[in-house]
A.B. asks: 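The following block contains the structure, expressed as structure tokens.
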Amino acid sequence: MVSTAVSLCGIRMDNPVMAASGTFGYGAEFADLYDINCLGSFSFKGTTLHPRFGNPTPRIAESASGMLNAVGLQNPGVEKVIEEELPRMRAFFSKPVMANVSGFALEEYVETCRLLDGQEQVGWLEVNISCPNVHGGGMSFGTCPQSAAEVTRAVKAVCKKPVIIKLSPNVSDIAAIARACEDAGADGLSLINTLVGMRLNLKTRKPILSNVTGGLSGPAILPVALAMVYRVYQAVRIPIVGMGGISCARDVVEMMLAGATAVQIGAANLVDPYICRDIIEDLPAVMAQLGIHNLNDIIGGAHS
Amino acid sequence: MVSTAVSLCGIRMDNPVMAASGTFGYGAEFADLYDINCLGSFSFKGTTLHPRFGNPTPRIAESASGMLNAVGLQNPGVEKVIEEELPRMRAFFSKPVMANVSGFALEEYVETCRLLDGQEQVGWLEVNISCPNVHGGGMSFGTCPQSAAEVTRAVKAVCKKPVIIKLSPNVSDIAAIARACEDAGADGLSLINTLVGMRLNLKTRKPILSNVTGGLSGPAILPVALAMVYRVYQAVRIPIVGMGGISCARDVVEMMLAGATAVQIGAANLVDPYICRDIIEDLPAVMAQLGIHNLNDIIGGAHS
Amino acid sequence: MTQGQYIVISNRPIAAATWEMLLAGDTSALTRPGQFVNLRTGGHYLRRPLSVCAWDDSRLTLIYKVVGQGTDWLSERQAGDPIDMLCGLGNGFDTGLSGQHPLLIGGGVGLPPLYQLARQLVQEGKQPRLIMGFNSMQEVFYREEFERLMPVTVTTMDGSCGVRGLVTEVPPEANCTYFYACGPSPMLQALCGCLAMPGQLSLEERMGCGFGACMGCTIRTRLGDKRVCKEGPVFLKEELIW
Amino acid sequence: MTQGQYIVISNRPIAAATWEMLLAGDTSALTRPGQFVNLRTGGHYLRRPLSVCAWDDSRLTLIYKVVGQGTDWLSERQAGDPIDMLCGLGNGFDTGLSGQHPLLIGGGVGLPPLYQLARQLVQEGKQPRLIMGFNSMQEVFYREEFERLMPVTVTTMDGSCGVRGLVTEVPPEANCTYFYACGPSPMLQALCGCLAMPGQLSLEERMGCGFGACMGCTIRTRLGDKRVCKEGPVFLKEELIW
Ligand SMILES: Cc1cc2nc3c(=O)[nH]c(=O)nc-3n(C[C@H](O)[C@H](O)[C@H](O)COP(=O)(O)OP(=O)(O)OC[C@H]3O[C@@H](n4cnc5c(N)ncnc54)[C@H](O)[C@@H]3O)c2cc1C
Ligand SMILES: Cc1cc2nc3c(=O)[nH]c(=O)nc-3n(C[C@H](O)[C@H](O)[C@H](O)COP(=O)(O)OP(=O)(O)OC[C@H]3O[C@@H](n4cnc5c(N)ncnc54)[C@H](O)[C@@H]3O)c2cc1C
Ligand SMILES: Cc1cc2nc3c(=O)[nH]c(=O)nc-3n(C[C@H](O)[C@H](O)[C@H](O)COP(=O)(O)O)c2cc1C
Ligand SMILES: Cc1cc2nc3c(=O)[nH]c(=O)nc-3n(C[C@H](O)[C@H](O)[C@H](O)COP(=O)(O)O)c2cc1C
Ligand code: FES
Ligand code: FES
């Protein structure tokens with residue numbers, strides 16, 4: 001018998017497998033397919049203070065072993081999430097859920113987090129700092145240690161629940177930003193968000209995405225994610241939620257060896273709606289094959 | 001009839017297709033297979049002032065649609081390159097070649113470039129300020145605008161031939177670094193070098209590469225390369241050599257639409273040794289199919 | 001929605017770069033004409049959405065144009081090959097609003113979903129008509145199949161077959177009070193502009209998932225933001241904002 | 001070196017997770033036993049290097065162990081399937097130095113290149129002997145094929161077949177003055193430690209290209225830095241630094 005349970009910021013999870021924000025909606029589409037209570041948890045669609053339509057279509061492009069998205073944080077706004085989505089979710093998901101929050105100004109982050117922190121179903125807040133800072137010249141909050149720390153501090157001040165900061169990979173030194181977040185009180189870090197990428201339509205000779213660039217995800221980015229998780233693990237002591245290109249149980253083990261306490265599955269949900277369930281089912285056999293009895297034993301195992 | 005000729009920093013090339021540094025040696029292995037004079041040109045293996053063994057093996061790992069390398073700039077040093085490799089190359093390559101230069105101190109760059117600038121066969125200098133494989137006492141020259149500009153200025157001061165600065169993609173703001181190089185006198189920019197990545201061996205639970213991390217290249221990184229070429233094209237007026245994941249003639253067109261005047265093919269040479277020749281042969285048909293008469297017409301075409 | 005392996009029964013070219021594929025497998029999730037499948041093609045990351053042209057208890061027909069790598073891969077499949085497919089996606093056409101004389105208008109590979117729709121309308125005792133538009137004679141497919149169900153008018157851009165010009169060249173019969181359309185976006189837009197009657201249109205968008213999870217396909221409509229893959233691909237003319 | 005499509009003639013399991021594949025195609029680039037091929041496996045970016053076990057004018061044999069995705073894909077190939085291969089890579093064994101009684105030592109899937117070597121040594125009128133080492137009886141392959149050429153001693157780690165222990169348990173015959181070895185790195189290192197005579201060893205490294213372009217496989221030797229794929233995979237015992 002192997003044990004897959006882990007603990008993330010004090011909350012026990014049956015297994016480390018979560019669905020990643022933006023690829024699992026609020027869970028309903030997947031709950032139609034299988035009982036999603038088998039998940040460790042999931043991070044729901046990035047929520048902002050106000051409703052957002054996001055970018056015009058085309059929002060999706062393809063690349064080798066990956067995809068680009070420029071959804072642009074479409075969501076109904078925190079109020080509707082609390083009034084409609086969370087109550088609906090209660091019918092098919094009974095575990096603590098991760099609330100993914102985005103914003104374009106400090107006050108937006110703070111207010112959205114404060115409201116979601118008050119929801120019983122929410123286990124963790126996952127604060128996505130990859131969004132452009134409207135007051136900071138358009139660079140994302142996540143590209144500089146100072147603004148990353150600022151968001152962390154402000155959100156921590158209004159939240160009782162664990163605050164996990166989700167880092168952008170589009171930076172020169174992710175370890176510096178990770179440390180800044182830790183110093184500012186973050187309870188955990190989640191990485192990586194998507195890499196900036198683009199594709200062109202050879203017929204129109206223009207970018208495929210209406211937004212010109214989009215976020216690259218999928219197996220193509222797995223090595224980048226592993227390197228960043230490995231590096232951040234060396235830089236901080238708080239737990240890491242690792243993601244980027246995971247698509248099988250072996251990838252889960254690899255990400256945990258690099259330093260992740262839990263993992264998220266993103267793009268893979270879109271091409272294979274049963275992937276999270278399948279990975280969770282495969283995990284014990286893969287562990288047995290690799291001589292792993294307890295998943296906690298391998299977190300950061302590559303560093304020893 | 002379509003025209004594939006382009007001009008890079010004043011040097012005419014029959015076509016924009018070059019082999020990328022580190023994936024083509026000094027050309028000999030490929031000259032055994034086909035007449036490499038069909039190439040626009042090629043960039044030879046990164047050269048340093050002193051001979052280097054590089055990293056211990058394993059130096060290579062694999063990922064979805066890509067590979068990691070941690071060769072660590074193995075090369076015989078500039079003296080041997082000039083005394084042995086360049087004379088040997090004369091037998092099978094008669095076009096101007098691109099000399100790729102690396103260094104770990106400013107003076108090394110300067111001296112290596114000065115020596116190679118004096119070689120008749122050398123058409124351009126390609127100064128790699130980005131190799132992620134080497135522990136050069138911290139961050140690479142390519143991660144900050146100031147040090148990038150410093151290298152550019154120093155090298156320009158001793159070279160008569162066009163100096164192309166090769167940029168690292170592992171940065172928060174590649175456009176800022178590109179502008180700094182342009183302001184410091186660079187004649188062109190070449191991008192992207194490899195992304196930092198890693199893979200783990202699940203049996204040993206350790207990194208596969210002896211160097212822990214390596215550089216990710218191959219089709220997996222094409223969207224990242226396109227986005228960076230597109231962004232740099234908007235930031236500077238000097239020509240761009242675009243690379244990263246190109247593996248067919250359509251990719252060449254896509255990279256040129258994004259803003260490249262010439263392109264380089266890297267990892268693809270390793271898995272398909274005839275790929276450069278094949279791409280050059282396919283190019284006219286692909287152009288005809290897309291209604292492109294002259295490749296010069298599409299450079300940066302996606303921006304208009 | 002069901003996911004599973006479907007087995008190719010046949011795969012044959014029926015017009016220029018246009019193929020018809022017959023597959024065996026679970027069709028229980030198909031409830032309405034105009035629904036689509038999302039299928040995995042070898043070596044490509046995302047699935048490819050294709051409308052269902054016809055189905056029965058255990059088989060379904062797809063018609064697709066080879067326009068890129070994924071559809072090229074599809075055209076190389078042979079009888080017996082398995083294809084991983086999500087089946088029964090989207091809302092489909094509502095035949096309840098059609099009136100007695102619905103007009104069907106299809107452009108190119110927008111025609112396939114209209115075939116099952118026509119069969120169903122006929123079965124319901126209605127008398128549909130069809131205008132099918134192509135670029136040229138070489139592209140025309142399923143003319144006889146459609147003619148067995150109803151009167152058909154063909155238009156081609158180059159005049160090599162039927163009426164020269166766009167499908168909008170053909171004035172609708174006076175007794176038509178409702179239309180169903182599927183085809184390239186400019187065609188649909190033009191139709192909304194020139195047809196006074198109400199109708200339903202099937203749209204295309206690049207898709208991440210095809211089953212409502214990613215918000216990759218959302219468009220603004222007069223009735224709020226809608227996912228083409230979930231609340232669509234069929235929309236009422238009145239909802240659409242061009 | 002040649003590149004081309006090779007056609008699978010047969011592909012069959014011959015021991016635990018161990019397969020033998022016979023391929024038809026251009027073997028003109030093969031000049032010495034110990035050379036290898038680099039073949040493309042479906043969906044994986046890099047090629048997979050495999051030693052050539054035997055060849056004639058138009059066919060070659062590979063023996064491989066299924067250890068990961070690429071070799072797993074290989075094991076699913078069937079007669080008639082094409083495989084994209086670079087053929088005739090590396091330097092191979094030099095039979096000129098062997099003396100009259102060379103000792104061949106192979107561990108697991110290090111054995112394949114020794115088969116063609118043995119055939120050639122015998123053809124040259126030499127009298128080779130072979131020690132073949134495995135983990136257990138289930139892994140033993142090609143014993144009879146080798147026994148047809150020369151005396152063979154089998155060792156297994158668990159003693160389930162032949163001598164219990166490593167290949168180094170078997171003392172070489174007194175008349176042996178030269179050895180050839182291929183197998184896992186620890187075995188080769190142990191051999192260099194305990195065998196006083198000179199010899200040649202075939203090494204393995206993870207490879208980017210397999211034909212000398214990328215410097216992915218370079219090792220330090222007493223005679224300078226060498227690429228395992230180009231100046232190797234066979235090295236003289238004297239050159240190697242352990
Ligand atoms: C609901 C729906 C139903 C469709 N029904 C049919 C049909 O019955 N017959 C038919 O021939 N075509 C149909 N299409 C279009 C079809 O999906 C595309 O032609 C196909 O995806 C192209 O794939 P490719 O790999 O050959 O092209 P590529 O250009 O290589 O594909 C690259 C990426 O772009 C996407 N893409 C390219 N063109 C389109 C497009 N027009 N719509 C959506 N995504 C696109 C692909 O899915 C893929 O993700 C339908 C599209 C949608 C959304
Ligand atoms: C010159 C040479 C000759 C070889 N001859 C044989 C042979 O005759 N029979 C045989 O069974 N094996 C042989 N090997 C080992 C064989 O190449 C690997 O077992 C095979 O590449 C594993 O591929 P995979 O996709 O199944 O494993 P994976 O672990 O999924 O492969 C991942 C990556 O690692 C590389 N890799 C993994 N293991 C090795 C290894 N041991 N050596 C080199 N690269 C590796 C793969 O090529 C691939 O790039 C040889 C290796 C070399 C270098
Ligand atoms: C369609 C799509 C939408 C996404 N939306 C969000 C989001 O709203 N908030 C967020 O933090 N990350 C978002 N992400 C990023 C993912 O959560 C994840 O970090 C990333 O995709 C890398 O993981 P993967 O390679 O497994 O997809 C989105 C990703 C995709 C593909
Ligand atoms: C094995 C290998 C060695 C490389 N060595 C060098 C080098 O010496 N100097 C350099 O500037 N870039 C080097 N690169 C980077 C390539 O030139 C190129 O920038 C990168 O691989 C992206 O292109 P690709 O995706 O087509 O491979 C190397 C790449 C590989 C794969
Ligand atoms: S394609 Fe994912 S929601 Fe429509
Ligand atoms: S594997 Fe590329 S040089 Fe040996």
Side-chain angles (χ1 to χ4, degrees), chain A residues 61-68 139-140 142-144 168-173 177 195-207 212-216 218-231 245 247 250 253-255 257-258 286 289-292 298 301-304, chain B residues 61-68 132 139-140 142-144 168-173 195-207 212-216 218-231 245 247 250 253-255 257-258 286 289-292 298 301-304:
Chain A
E62 195 189 37
S63 65
S65 299
M67 62 172 286
L68 294 170
M139 289 295 278
S140 94
T143 43
C144 117
S168 164
N170 304 295
V171 297
S172 311
D173 186 2
I177 292 160
L195 291 168
V196 176
M198 96 185 275
R199 292 305 304 269
L200 298 145
N201 181 325
L202 298 190
K203 277 184 208 139
T204 63
R205 303 191 188 171
K206 292 278 168 286
V212 179
T213 61
L216 178 64
I221 71 169
L222 177 65
V224 175
L226 289 165
M228 290 190 164
V229 167
Y230 186 90
R231 195 159 155 212
S247 52
R250 293 176 68 87
V253 171
E254 196 169 341
M255 189 61 83
L257 286 170
V286 166
Q289 198 189 322
L290 295 169
I292 301 165
I298 65 160
H303 297 265
S304 54
Chain B
E62 195 190 38
S63 65
S65 300
M67 62 172 284
L68 294 169
M139 307 284 282
S140 86
T143 43
C144 118
S168 165
N170 304 294
V171 297
S172 310
D173 186 1
L195 291 168
V196 176
M198 96 185 273
R199 291 306 303 269
L200 298 144
N201 181 325
L202 298 190
K203 277 182 207 141
T204 64
R205 303 190 189 172
K206 291 278 168 287
V212 179
T213 60
L216 177 64
I221 71 169
L222 177 65
V224 175
L226 288 166
M228 289 190 165
V229 167
Y230 186 90
R231 196 161 153 211
S247 51
R250 292 175 69 87
V253 171
E254 198 169 340
M255 189 60 84
L257 285 170
V286 166
Q289 198 189 320
L290 295 168
I292 301 165
I298 66 160
H303 297 264
S304 53

A.B. asks: Answer with side chain, backbone, both or neither: which region of B/I298 has an atom nearer than 4.5 Å to a non-hydrogen atom of chain A?
C.D. replies: side chain

A.B. asks: Donor-acceptor pair, distance only, cut-off 3.5 Å: does the side chain of B/T143 make one with the backbone of B/V171?
C.D. replies: no

A.B. asks: If I measure from the heavy atoms of chain B, does A/L226 come under 4.5 Å with its side chain, its backbone, both, or neither?
C.D. replies: both

A.B. asks: Go through A/V196, A/T213, A/L68 and name the one with the most non-hydrogen pairs under 4.5 angstrom from chain B.
C.D. replies: A/V196

A.B. asks: Do you know which of B/L216, B/D173, B/L202 has the most heavy-atom pairs under 4.5 Å to chain A?
C.D. replies: B/L202

A.B. asks: Heavy-atom distances under 4.5 Å only: say whether A/V286 touches chain B with side chain, backbone, both or neither.
C.D. replies: neither

A.B. asks: Hey, is A/R199 close enough to A/E62 for a salt bridge, meaning N to O under 4.0 Å?
C.D. replies: no

A.B. asks: Using heavy-atom distances under 4.5 Å, tell me whether A/L195 contacts chain B through its side chain, its backbone, both, or neither.
C.D. replies: side chain

A.B. asks: Who wins among B/A302, B/P223, B/A220 for the most heavy-atom pairs under 4.5 Å with chain A?
C.D. replies: B/P223

A.B. asks: Against chain A, label B/V229 side chain, backbone, both or neither, depending on which of its atoms sit under 4.5 Å from a heavy atom there.
C.D. replies: neither

A.B. asks: So which part of B/S247 gets closer than 4.5 Å to some heavy atom of chain A, the side chain, the backbone, both or neither?
C.D. replies: neither

A.B. asks: Specify which of A/A258, A/S65, A/S63, A/A61 makes the most heavy-atom pairs with chain B at under 4.5 Å.
C.D. replies: A/S65

A.B. asks: Looking at B/K203, B/R250, B/H303, which one has more heavy-atom pairs under 4.5 Å with chain A than the rest?
C.D. replies: B/R250

A.B. asks: What part of B/L290 is in contact with chain A, defined as an atom under 4.5 angstrom from a non-hydrogen atom: side chain, backbone, both or neither?
C.D. replies: both

A.B. asks: With rounding to the nearest 0.5 Å, note down the distance linking CE in A/M228 to CD1 in A/I221.
C.D. replies: 9.5 Å

A.B. asks: At their closest point, which heavy atom of A/G291 faces which heavy atom of B/R205, and how far apart are they?
C.D. replies: O-NH2, 3.3 Å

A.B. asks: Shortest non-hydrogen contact from B/G301 to A/K206?
C.D. replies: O-NZ, 3.5 Å

A.B. asks: Below 4.5 Å, heavy-atom pairs only: which of A/A227, A/S172, A/G197 has the largest tally toward chain B?
C.D. replies: A/S172

